[in-house]
Amino acid sequence: MKFLKCQIQCQMNKKIFQQFFGPIRKAHFAGPPPPISPLAAATSLIKSYFDRGLLSDARRVFDEMPERDVVTWTAMIYGYASNSHHHDAWSAFRAMAAAGFSPNEFTLSSVLTACRAMEFAAVVHAVAFRRGVEGSSYVGNALLSAYAACGGIGDALKLFDEIPQRSDAMWTTIIAAYVQWGDAHAAVNMCCRMFQEFTELNPFTLSISLRASSAAGSLTLGKQIHGIAVKTGHTSDLPVSNAIIDLYSRCNSLLESRQYFNEMPQKNLITWNTMISALDRFGSIEACHLLVDMYLQSFKPNCFTFTSVISTCANLSILSLGLQVHAALLQRGFGTNQQMANALVNMYAKCGNIADSQKIFDEMSDRDLLSWTSLINGYGVNGFAKVAIELFEEMIRSGIKPDSVAFLALISACSHAGLIEEGVNLFSLMEIKHGVRPDIEVYGCIIDLLGRRRRLREAYELIEMMPIEADESTWGALLGACHIHGEVELGRLAAEKIMKMKPNGGKTYVILSNIYAARSELTDSAEMRKMMRDAGRIKEAGISSIELREEIYNFVAGDRSNPCVVLASEVLEMLIYHIEEMGEMDGSDWMHENMENVNDDYF
DNA sequence: AAAGAGACGC
């Protein structure tokens, strides 16, 4: 100690001191700390209880205190609010006023975090206005957050525009609100205004700008902000770096995202979760590998992690892994989380295990639109279209409003089960009865449905009548139907539309060529293939995979080297034979649908 | 002794 004092007296450079001895502690300079009053000690005890989530202990200390002041009351209000006990926070605020204390800036900003309805926020706003603190840094920002959360972006923006001195936190709040309410374009505009006002960016403003860029899909802006973060040294801030991973993955640069992740010297749980969910969105099995890697590096997965990995198991239909992950998450007590349960319903359904899917659904305490849609889709893809429709009606009765995804699941179920009239009926009622405007995917699905039953003219007329512009997948649905039914003229028209929109798509050429080949218009077919060769188009091989007894089998079009494929073809032929025998369906139609890859076999 | 803004799931 003597040595240190001597050094300081010698006016040692502060920075050098910190380099050797760490941050300078107050005690080195200020001598013994002043005695703490019992009131202050109790207040700080209250805070520490709240920090650890021990609400009743905090309350007990508060109740036993012989005297309290504004600071004590504020600690109670903030403690409840930060533990999501909004009602208790508000009660404490009122009790404080009844006890004759008037709130200060600390109190007001604390109680604002507990406002979950406009009326409450407006009351606090009025109090803040009377005291002239509504534009102060903390209170102003808390007001903005409350308005954005309770009212909407309009109310928040009105307030924001009236504040003469805007702090960086206020900019962060308003941009976050835009992103949250889904207006990425406005969020990006706000970022540009902020850059003009604040030349120095901090980790908060950087991470929200990255989030706005990725929401708007602007890789250019995102890269610029990434550059600023590198230059200012803020990439060592984990939220900033995590936002960078998210940016690249959401702008379709999974490779860059992965590279950045690999090179990060420090990671936290959210870093892993961000990367895993990115891999899941890209349908990569790497998501599962990364779960193992994080275990090896002693990170504990949470419900976010498990939800992403379960989703990967669902999308890749890997039941054995799904079961293992399910067991692991039950062991950790994550089974009751709603998003997780939704993901499990989806996983079992997509893996063909509809009974377990239903079981998870039945055990859920609350079911939202996603839970119902997952189960409905599950029954649909497993061939139980009638059950799917019944479930849909049950969902409506339980008071949940459907969206276009729910209709997509239903109509697609009808399409695959051959329930044409039911499908058309649902489609025609979706806007009139349920107020859901069909999106481009629903149109694609209904066109597919009509096309499968050779109602090609109707499908074509629907495309012409659509209020939104048809894209290549809409025309692709028609083209596919023309393929099944050997409709050359309409098929040619659809193919031309697609080639105009997406000249590099090899698949279109293949299908059109197949249509010609099937109609013995071999000259046209040969010409198509020549066109493709000339244009240098290469169709990526489509791979189907199936998991059986803990092994994954891949099927590539036209591959006869794999004995499994030969066996599978034989089984398929047997199935078709039985179906034809039962006379439930025109077997040749069915074969065309399911042997699509096999027809591509000259690639 | 008490207060604000950012990153991960559909």
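The chains referred to below are lettered A, B, ... by the order of the sequence lines, with proteins before strands, and numbering in each begins at 1.
Using a cut-off of 4.0 Å between Lys/Arg side-chain N and Asp/Glu carboxylate O, A/R258 and A/E286 are scored as salt-bridged.
Here A/N273 pairs with A/N302, A/T305 under the side-chain hydrogen bond (donor to acceptor under 3.5 Å, both in side chains) rule; sequence neighbours left out.
When the P atom of B/dG4 is taken as reference, atom CG of A/L144 falls 15 Å away, rounded to whole Å. Between the CE atom of A/M96 and the C1' atom of B/dA3 there is a distance of 13 Å, given to the nearest Å. Here B/dA3 presents its P atom at 17 Å from CH2 of A/W73, a figure rounded to the nearest Å.
Considering A/N202, A/T173, A/N141 in turn, A/N202 is the only one that fulfils the side chain to side chain donor-acceptor pair (under 3.5 Å) rule with A/D168.
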Requested in this report: Give the B/S/- string for nucleotides 5-10 of chain B, one per nucleotide from 5' to 3', where a protein heavy atom under 4.0 Å of the base yields B, of only the sugar-phosphate yields S, and otherwise -.
Outcome: BBBBBB
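At a cut-off of 3.5 Å, with distance as the only test, no side-chain donor of A/S374 or A/N342 sits close to an acceptor on the other residue.
Annotation: ring-ring contact (aromatic ring centres under 6.0 Å, His included) contacts involving residues 133-153 of chain A, sequence neighbours excluded, comprise A/H125-A/Y147.
The stacking criteria are not both satisfied for A/Y138 over the base of B/dG4, which would need a centre-to-centre distance under 5.5 angstrom and an angle between ring planes under 30 degrees.
Figure legend: cation-pi geometry between A/K47 and A/Y78 absent, as NZ or CZ is not positioned both under 6.0 Å from the six-membered ring centre and within 45° of its axis.
If you check every strand for non-hydrogen atoms under 4.0 Å, A/S167 touches a base.
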